[in-house]
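Here the structure is laid out as structure tokens; the discussion comes afterwards.
Note that these values count all heavy atoms, side chains included, but never hydrogens, waters or copies made by symmetry. Ligands are counted one by one from 1 in listed order, and the atoms in each one are counted from 1 as well. Since we're looking at a predicted model, the values are computed, not measured. Start at 1 with the first residue, then count along the sequence.
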Amino acid sequence: MAEYDVIFIGGGPGGYVGAIRAAQLGLKTACVEGRGALGGTCLNVGCIPSKALLHASELVHEAEGNFAEMGIVAKSVSVDLAKMHAYKGGVINSNVTGIEFLFKKNKVDWLKGWGRIAGPGEVVVQGETEGAHKAKAIVIATGSEPASLPGVEVDEERVVTSTGALDLAKVPKKLVVIGAGVIGLELGSVWKRLGAEVTVVEYLDQITPGMDLEICKKFQQILKKQGLDFVMGAAVQSVEKLKTKLKVHYKLRKDDSAHEIDADVVLVATGRRPFTAGLGLEGAGVALDEKGRVKTDAHWRTNMDGVYAIGDVIAGPMLAHKAEDEGYAVAEVIAGKHGHVNYGVIPGVIYTSPEVATVGLTEEQLKEQGRKYKVGKFPFMANGRAKAHFATEGFAKVLADAETDRVLGVHVIGPMAGDLIHEYCVAMEFGASAEDVARTCHAHPTFSEAMREAALACGDGAIHA
Ligand code: NAI
């Protein structure tokens, strides 16, 4: 029986980052992962493959549209889907091997198999390698899985979750997406650009619930212009599988009227739930909350001595980078240091085109809290670089405290929004005011000037709008 200082169960962004950090801090560390590849959902069937398809399909769209405008003659643009999937596979593989290399470099043992907490300080692994291991600390980092929808049976061929939607062998003629959240809109955009007719059926009256409302509205307007259809306020009841097609049955919430819509492929993207099956939590006595998440305190400790939990399996946004930060911090806590995550400054990004990025509080949250705030906005239409890139849709919006000028929230829809948001993440970490950002020199011509102009707009006014 091997004895470790810490065993991470789960090799996704939370578990593998935590394991590397723990090893760097001198702890004898192992990471249990049964998938056959490190990197978790994010790397194998989530963030990374979707970004490859988003990038490739954006280029197709660009070639079909703006190339001609820029004087580039690409007479026939066509898609070899099998090759596109192979490119995506290559991106996954090179990242997976990268993590294996980092494990070796940092002397983290990869225990290949599925882990179960057998008792205090004991993890039993079953799979490619089998055995019981002792650990002073155990970290549950088992992530999440797609939530199921009553009346909808997923087969990952015609009725798919994000996993199947990343691997469709041919472009569907009609794709119906259930749920206008992050997954539905990112993957809906991919298949729309590759030629599918896409209809998104959403239960609520707005897309991407929880985001700044002004951004949501602009986002939906842009997606509609790109050809995505939306059925809003509609609760999906069932998906009927016929021989040649699927029928999605839904009821409109406003009048309870029943409707149906045909599809070749249906993507179920109605959220994810914590993945705890087979972990033996009940037997071990690890407490869950009412949503099936592992309960933790502010230092990621569960109710069981020596057992911690991080990432999608606990409360908070289900985001790879949130899990990474928790992995890093929990390793420090276990090593006797002061690991910390600032939950007020966790960016959220939707990798559509244009991208949507957000950090901090929304205008609606500020109103709810009765806070006095000012708003500075700047449209990408007035940004020189954006014009040269045909990327003028969208705007940056900065919310700052009315009295202190401290930045409270930033919401962007526009080119490279997912990268641009980070100057404000850093600014907010340092407790910056909008004026601090406005007085920081930004290179010209860059998209980031729009971010500075939005900060200027919180004060005396933007220059270019
Ligand atoms: P989500 O929670 O973002 O959106 C689900 C949507 O489905 C909601 O708008 C909800 O109102 C709707 N819905 C639920 N039941 C419905 C029904 N019966 N009929 C119609 N609509 C219904 O969930 P999603 O998109 O599945 O993503 C899951 C998780 O993965 C999220 O936490 C997300 O943050 C994360 N993720 C993050 C990414 C990123 O950061 N870029 C990319 C992909 C996933």
Between Y308 and R301, is there a cation-pi geometry (under 6.0 Å to ring centre, at most 45° from the normal)? no
Is the closest N or O pair between Y203 and ligand 1 shorter than 3.5 Å? yes
Starting from atom 7 (O) of ligand 1, what is the nearest protein heavy atom, named by residue and atom, and what distance separates them? G179 CA, 3.2 Å
Verify, without hydrogens or angle tests, whether H411 (side chain) and V356 (backbone) share a donor-acceptor contact under 3.5 angstrom. no
Mark yes or no for whether E186, through its side chain, and Y351, through its backbone, hold a donor-acceptor pair below 3.5 Å. yes
the protein heavy atom lying closest to atom 25 (O) of ligand 1 turns out to be I183 N, 2.9 Å
Could you walk me through whether T362 and D212 satisfy the side-chain hydrogen bond (donor to acceptor under 3.5 Å, both in side chains) test, starting with their C-alpha distance in whole Å, then the side-chain angles of each, then the deciding distance to 0.1 Å, before giving a yes or no? CA-CA 5 Å; T362 64; D212 192 274; 4.9 Å; no
Say whether E324 and Y16, considering side chains only, have a donor N or O and an acceptor N or O under 3.5 Å apart. no
Any atoms of ligand 1 less than 4.0 Å from a non-hydrogen atom of M318? List them with their elements. 32 (O), 34 (O), 35 (C)
Looking only at protein heavy atoms, what sits closest to atom 37 (C) of ligand 1 is V182 CG1, 3.8 Å
Distance-only polar pair, side chains of E156 and T161, donor-acceptor under 3.5 Å: yes
Check whether any N or O atom of I350, backbone or side chain, sits under 3.5 Å from an N or O atom of ligand 1, and answer yes or no. no
Are any of the N or O atoms of A235 closer than 3.5 Å to those of ligand 1? no
Are the charged groups of K322 and D312 less than 4.0 angstrom apart, N to O? no
Does ligand 1 have a heavy atom under 4.0 Å from the side chain of A234, from its backbone, from both, or from neither? backbone
Please walk me through it: do D264 and K245 pass salt bridge (Lys or Arg N to Asp or Glu O under 4.0 Å)? CA-CA 5 Å; D264 303 302; K245 62 179 176 188; over 6 Å; no
Of all protein heavy atoms, the one nearest atom 19 (N) of ligand 1 is V236 N, 3.3 Å
State whether the shortest distance between N or O atoms of R272 and N or O atoms of ligand 1 falls below 3.5 angstrom. no
When V231 is tested against each of T199, V236, V248 for side chain to side chain contact (heavy atoms under 4.5 Å, CB included), which residue passes? T199
Should L319 be counted as touching ligand 1, given the test is an N or O pair under 3.5 Å? no
V201 neighbourhood, listing ligand 1 atoms whose heavy-atom distance to it stays under 4.0 Å: 20 (C), 21 (N)
Considering L54, T270, V200, which one's heavy-atom position lies nearest to atom 16 (C) of ligand 1? T270
Closest approach of any protein heavy atom to atom 8 (C) of ligand 1, naming residue and atom: E202 OE1, 3.5 Å
Does the side chain of E202 pick up a donor-acceptor pair with the side chain of Y250 at under 3.5 Å? no
If the threshold is 4.0 Å, N to carboxylate O, is there a salt bridge linking E33 and K112? no
Give the numbers and elements of all ligand 1 atoms closer than 4.0 Å to a heavy atom of I178. 19 (N), 20 (C)
With a 4.0 Å cut-off on heavy atoms, is P317 in contact with ligand 1? no
I'd like to know if the side chain of R385 and the backbone of P445 have a donor-acceptor N/O pair within less than 3.5 Å. yes
Checking contacts here: is it the side chain or the backbone of T208 that comes within 4.0 Å of ligand 1, counting heavy atoms only? Could be both or neither. neither
Would you please test T270 and I183 for side chain to side chain contact (heavy atoms under 4.5 Å, CB included) and show each step? CA-CA 9 Å; T270 50; I183 293 182; over 6 Å; no
Looking only at the side chains, is there a donor atom on one of T440 and H442 sitting less than 3.5 Å from an acceptor on the other? no
To the nearest 0.1 Å, how far is atom 1 (P) of ligand 1 from its closest protein heavy atom, and which atom is that? G181 CA, 4.1 Å
Protein residue, atom and distance nearest to atom 5 (C) of ligand 1, heavy-atom basis: A269 O, 3.4 Å
I207 and ligand 1 - part of the residue with a heavy-atom distance under 4.0 Å: neither
Taking atom 2 (O) of ligand 1 as the reference point, the nearest protein heavy atom with its distance: G271 CA, 4.1 Å
Please identify which atoms of ligand 1 are closer than 4.0 Å to at least one heavy atom of L204. 11 (O)
Short N/O distance, under 3.5 Å, between Y351 and ligand 1? no
